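Chain naming here is simple, since letters A, B, ... match the order of the sequence lines and numbering starts at 1 in each. In this text the structure is predicted, and so the values were computed from the model without any measurement.
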Amino acid sequence: MPELPEVETVRRGLEPTVLGAKIRHVTVRRADLRFPVSPDLGQRLTGATFTALERRSKYLLFSTDRADVLLVHLGMSGRFVLNSATEGALDPQTRSAPKTALGSGPGAGLGGHLKHDHIVMDLEPGHRLVYNDPRRFGSMEILEQTALSSSPRLKDLGPEPLGPDFTQQHLKTCFVKKRSPIKAGLLDQRHVAGLGNIYVCESLYRAGIAPTRACCDLTDQELNRLVPAIQEVLTEAIAAGGSSLKDYVQASGELGYFQHRFAVYGREGQACPGCDCDKRIQKITQSGRSSFYCPKKQI
DNA sequence: CAAAGTCCCTGGGGGC
DNA sequence: TGCCCCCAGGGACTTT
C-alpha cells in the first residue's frame, strides 16, 4: 500500500527518466479510475516536456513546460512501469508478447499491454511510462500549475511529516479538543499528510502510545516522542526503499513498493521485537481498519 | 461540527 | 481441485 515512503521511492525511481523527457504520445485505455481521468489529459500532455517530479503527501506531481501539473495518486494498487527501448525486457508470466520498442510510431505495441495498463505515455527518447492499477483506486488528473494549491485534492492537506512545519506544537494544536483515537487522528490527512495504516501503527509502536488513546489526552511528553517517532519510521522506510532501488526497479521495469520489515503491522500473535511481553502483538479494529500494537509497550 | 460508517475495486488467501 | 467469501486500503461521501 503506497504511503509516503513508497511514493517517495517511486518518485526517486522515475525522476532520472522523466526529467527533461518530452511526451510524444498518450493513450488513455481506461478513464474510470478513482476519479475520471481528465478528458483533455492527452491533448495537454502531448508535445510537452516534464520539468519536475515532486511529491506532496501521497501524490506525485509531474510539472510540464506548459505550466500544467499531472497529479497522480497511486491509490491501493497503482504502479508505474518503465519500459526502455534498449532493454526490451518482458515479463514471461503475464505478457504474451514482448514489449515493443519505441520507433514504430505513437501507440505502437498494441499486443504489449499488461492487464490493467490504464495510461500509457510514450516519451522521447525511447521510453514508455505506463500506469497500471488493478483496483483503480488511484487517480490521474491534469491541472494548471496556478490551480494546484486550491485543488480539492491538496488544499486541506496538513504539513509534510518530514518538513519544518510538523512539530509537537502543531499536533498539540490539532489535538487539543479532539476526542477520537490517536490512530484516527494520525490517519486524518488534515493533521499530517502522507501517513496510512501501516506507518501509523509503526509510529505509535515506536512512540509507545496505544492506538486507542484519545488525541486530546496525549501528554506533551508523548507528543514529543510521537513527532520524532513518525519522522524516524518514515526516514528509515525511505532509506530502505532507496538503498534497494536498483533491485526495486525490476528487470521488467516495474516500480513496485518496497516491502519493509514491520515491527507490528501484520504481525498479530507474534512477540514484538526486543520486548519481553507475554501478551504478544494484538490486532484490533478501529473505524473499520486494523490496528496492530503491543499492549505492554504501548500504553 | 465531529465522528463513525459506507462505498468504490480487484486479487489473493483461507475455508470447506 | 474448485468455489465462495472475505479482506486489504485512501479518501470522498453519507449518516448519526
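R225(A) places a side-chain N or O within donor-acceptor distance of the main-chain N or O of A207(A), the cut-off being under 3.5 Å.
Between R30(A) and Q286(A), the residue anchored nearer the 5' end of DNA chain B, judged by the nucleotide with its closest heavy atom, is Q286(A). Looking at which nucleotide of DNA chain B each of S287(A) and R190(A) is closest to, the 5′-most match is held by R190(A).
Straight-line distance from the CZ atom of F35(A) to the P atom of dC7(B): 18 Å, rounded to whole Å. Between the OH atom of Y59(A) and the P atom of dG10(C) there is a distance of 12 Å, rounded to whole Å. Atom NZ in K178(A) sits roughly 6 Å away from atom P in dA2(B) (whole-Å rounding). D188(A) places its CG atom 11 Å from the C1' atom of dA3(B), with the value rounded to the nearest Å. Here dA12(C) presents its P atom at 9 Å from NZ of K155(A), a figure rounded to the nearest Å. Following rounding to the nearest Å, D156(A) (CG) and dG10(C) (C1') show an atom-to-atom distance of 15 Å. In this structure, the CZ atom of R136(A) is 18 Å from the P atom of dC7(B), given to the nearest Å. As rounded to whole Å, 12 Å separates atom P of dA3(B) from atom CD1 of I182(A).
Looking at heavy atoms from C-beta onward, R24(A) lies out of side-chain contact with H127(A) at the 4.5 angstrom threshold.
A salt bridge does not link R206(A) with E202(A): every distance from a Lys NZ or Arg NE/NH1/NH2 to an Asp or Glu carboxylate oxygen is 4.0 Å or more.
Contact annotation: K283(A) does not reach the phosphate of dC7(C) (side-chain N/O to OP1 or OP2, under 4.0 Å). Taking 4.0 angstrom as the limit, K177(A) places none of its side-chain polar atoms (N or O) nearer than this to OP1 or OP2 of dC1(B). Contact annotation: H116(A) side-chain N/O to dT10(B) OP1/OP2 distance is not under 4.0 Å. Contact between the side-chain N/O atoms of Q189(A) and the OP1/OP2 oxygens of dG11(C) is found at a separation under 4.0 Å.
In summary, the aromatic rings of H191(A) and F175(A) are positioned with their centroids under 6.0 Å apart.
Nearest heavy-atom pair across I299(A) and E222(A) is O-OE2, 4.4 Å.
Closest approach to the K115(A) side chain among dA4(B), dG11(C), dG11(B) is made by dG11(B) (side chain taken as heavy atoms from C-beta onward). Proximity note for R289(A) (side chain, C-beta onward) versus dA8(C), dC7(B), dT10(B): the nearest is dC7(B). Nearest to the side chain of F137(A), among dA12(C), dC9(B), dG11(C), sits dC9(B). Closest to the P181(A) side chain, of the nucleotides dA2(B), dA4(B), dC9(B), is dA4(B). Comparing atom distances between the S290(A) side chain and each of dG10(C), dA4(B), dA8(C) picks out dA8(C) as nearest.
The one candidate from L123(A), D65(A), L19(A) that meets the side chain to side chain contact (heavy atoms under 4.5 Å, CB included) condition with F50(A) is L123(A).
K183(A) comes within 4.0 angstrom of nothing in the nucleic acid, heavy atoms only. At a threshold of 4.0 angstrom between heavy atoms, the contacts of R179(A) are confined to the sugar-phosphate backbone, with no base atom among them. Within 4.0 Å of G288(A), counting heavy atoms only, lies no atom of the nucleic acid at all.
Residue-to-nucleotide contacts include no donor-acceptor pair under 3.5 Å from the side chain of R135(A) to the base of dG11(C).
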